[in-house]
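Here, residue 1 is the first one in the sequence, and each next residue gets the next number.
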Amino acid sequence: MKGIMIILVIAIIIALFIFANIKVVAQSKAYVIERLGKYFATWETGIHVKIPFIERVAKVVSLKEQIVDFAPQAVITKDNVTMKIDTVVFFAITDPKLYCYGVEAPLAAIENLTATTLRNIIGELELDATLTSRDTINTKIRAILDEATDPWGIKVNRVELKNILPPKEIQDSMEKQMKAERERREAILRSEGEKQSRILEAQGFKESKILEAEAEKQSAILRADAVREQKIREADGEAQAILKIKQAEADGIKMINEAKPTDAVVKIKSLEAFEKAANGNATKIIIPSEIQGLAGLAEGITQSVKK
């Protein structure tokens, strides 16, 4: 029984020992393997078995993109202004072997290289150019770092200037300048707004006058049309009246002609017409001979009737 327990313990120890030397490499990792102290292989994604006491995992390397935020660095511009700039570097390990054996402390090396490169670039720029040329500075630093870190198995993808901190007095001056610029723009906008308001007001007044003139014009046209229509109707009425009078006279003449009056009747009608003329304001009246005879005839008839 005791012998069985010893064998079981030994089997467990051997199983644990074997399992300890079985390595499963994740997708985002890489294992740098040394055999007897010398680089042997780089294990990538999958299952691997390490030989005990002969092979060892020298370094586990992450293949993800990494971000390093370096502390602010003091730099001096071309016009002798001292400022502090902190940078952020985005990089990825492309060759685990070079990363493991290329440089002693890769992050410290990148930080020192970044600071040196930043001082060199800023030293060639004046303060205003430094504050307005972030993209240019980022591009230059990235290119220099990427070339310098290539032997270390590192790929620098991006560099960003996080903060640019000029001296306190320059910050105060810049704030005053920015305030003055904001006030100037505000004054320009206010002046432009007043100008636009006056223009709109003038345009509104002009359009109002145009509308009033147009309304007056239309009113005058309508009044003229009304007067013209009235005159047309009055003239039409007068013409209709004259036409009816003439028609009545024509009808009367027609009726007289159809009645075939005698000479005596005609002469009597003439006498009636003469009577109407005599009632007027004329001072002299010329009596035709036919009417004189008719008057005598009428007098004779009257005397005969009386007898």
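The two residues Thr117 and Leu113 make their nearest non-hydrogen contact at OG1-O, 2.8 Å. The minimum heavy-atom distance between Arg142 and Val156, with the atom names listed, is NH1-O, 3.1 Å. The two residues Leu63 and Ala30 make their nearest non-hydrogen contact at CD2-CB, 4.2 Å. Of all non-hydrogen atoms in Thr45 and Ala26, the two that sit nearest each other are OG1-O, 3.5 Å. Listed here is the closest heavy atom pair of Pro96 and Val61: CB-CG2, 4.1 Å. Pro166 approaches Met83 most closely through the heavy-atom pair CA-CB, 3.9 Å.
Separation of atoms CD (Glu194) and OG (Ser197) is listed at 8.0 Å; rounding is to 0.5 Å. Interatomic distance, CG of Leu243 versus CD of Glu238, reported as 13.5 Å (0.5 Å rounding). We find the CD1-CD distance between Ile67 and Glu160 to be 10.5 Å, quoted to the nearest 0.5 Å. In this structure, CD in Glu234 is found 4.5 Å from CD in Gln230, a value given to the nearest 0.5 Å. Note that CD of Glu124 is 14.5 Å distant from CZ of Arg119, once rounded to the nearest 0.5 Å. One finds the OG1 atom of Thr116 at 10.5 Å from the CD atom of Glu111 (value rounded to the nearest 0.5 Å).
In this structure, Tyr101 and Tyr39 have perpendicular ring planes: the angle between them is above 60°, well past the 30° mark.
Taking 4.0 Å as the cut-off between side-chain N and carboxylate O, Arg228 and Asp225 count as a salt-bridged pair. In this structure, Glu186 does not pair ionically with Arg182, as no charged nitrogen and carboxylate oxygen lie closer than 4.0 Å. Glu212 has a carboxylate O that lies under 4.0 Å from a charged side-chain N of Lys209, or vice versa, which qualifies the two as a salt bridge.
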Given side chain to side chain contact (heavy atoms under 4.5 Å, CB included), test Leu161 with Ile137 step by step and report yes or no. CA-CA 8 Å; Leu161 300 185; Ile137 297 173; 3.6 Å; yes
Kindly determine whether Leu98 and Trp152 satisfy side chain to side chain contact (heavy atoms under 4.5 Å, CB included), including the steps that lead there. CA-CA 5 Å; Leu98 294 178; Trp152 305 340; 5.8 Å; no
I would like to know whether Ile85 and Leu118 meet side chain to side chain contact (heavy atoms under 4.5 Å, CB included); could you show each step before the answer? CA-CA 9 Å; Ile85 301 177; Leu118 186 62; 3.8 Å; yes
Quick one, Val68 with Phe91, criterion side chain to side chain contact (heavy atoms under 4.5 Å, CB included). Give me CA distance, side-chain angles, the key distance, then yes/no. CA-CA 8 Å; Val68 182; Phe91 70 93; 3.3 Å; yes
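Side-chain atoms of Glu181 and Gln177 include no donor-acceptor pair closer than 3.5 Å. Side chains of Glu214 and Gln218: a donor on one and an acceptor on the other come within 3.5 Å.
Pairs passing the side chain to side chain donor-acceptor pair (under 3.5 Å) check and including a residue from residues 46-66, sequence neighbours excluded, read Asn21-Lys50, Glu34-Arg56, Arg35-Glu55, Glu65-Asn157.
Within a 6.0 Å radius of CD1 in Ile76, no more than 12 heavy atoms belonging to other residues, nucleotides or ligands are found. Applying the 6.0 Å contact sphere to CD of Gln196 captures more than 12 heavy atoms from other residues, nucleotides or ligands.
Ile14 and Ile22 fall within a single hydrophobic cluster, where Ile, Leu, Val, Met, Phe, Trp and Tyr are joined by side-chain heavy atoms under 4.5 Å apart, directly or via other members. In this structure, Leu145 is a member of the same hydrophobic cluster as Phe70, with clusters built from ILVMFWY side-chain heavy atoms closer than 4.5 Å. A continuous path of hydrophobic side-chain contacts links Leu131 to Val159 [ILVMFWY only; heavy atoms under 4.5 Å]. Cluster annotation: Val103 is connected to Ile154 through the hydrophobic network of ILVMFWY side chains, with a link wherever side-chain heavy atoms come within less than 4.5 Å.
Of the options Val9, Leu8, Ile10, a side chain to side chain contact (heavy atoms under 4.5 Å, CB included) to Ile12 is made by Leu8 and by none of the others.
Looking only at distances, a side-chain donor or acceptor of Asp95 sits under 3.5 Å from a matching main-chain atom of Lys97. When atom types are taken as modelled, the side chain of Ser219 and the backbone of Ala215 share no donor-acceptor pair closer than 3.5 angstrom. Of the possible donor and acceptor atoms, one in the side chain of Thr94 sits under 3.5 Å from a partner among the backbone N and O of Gly153.
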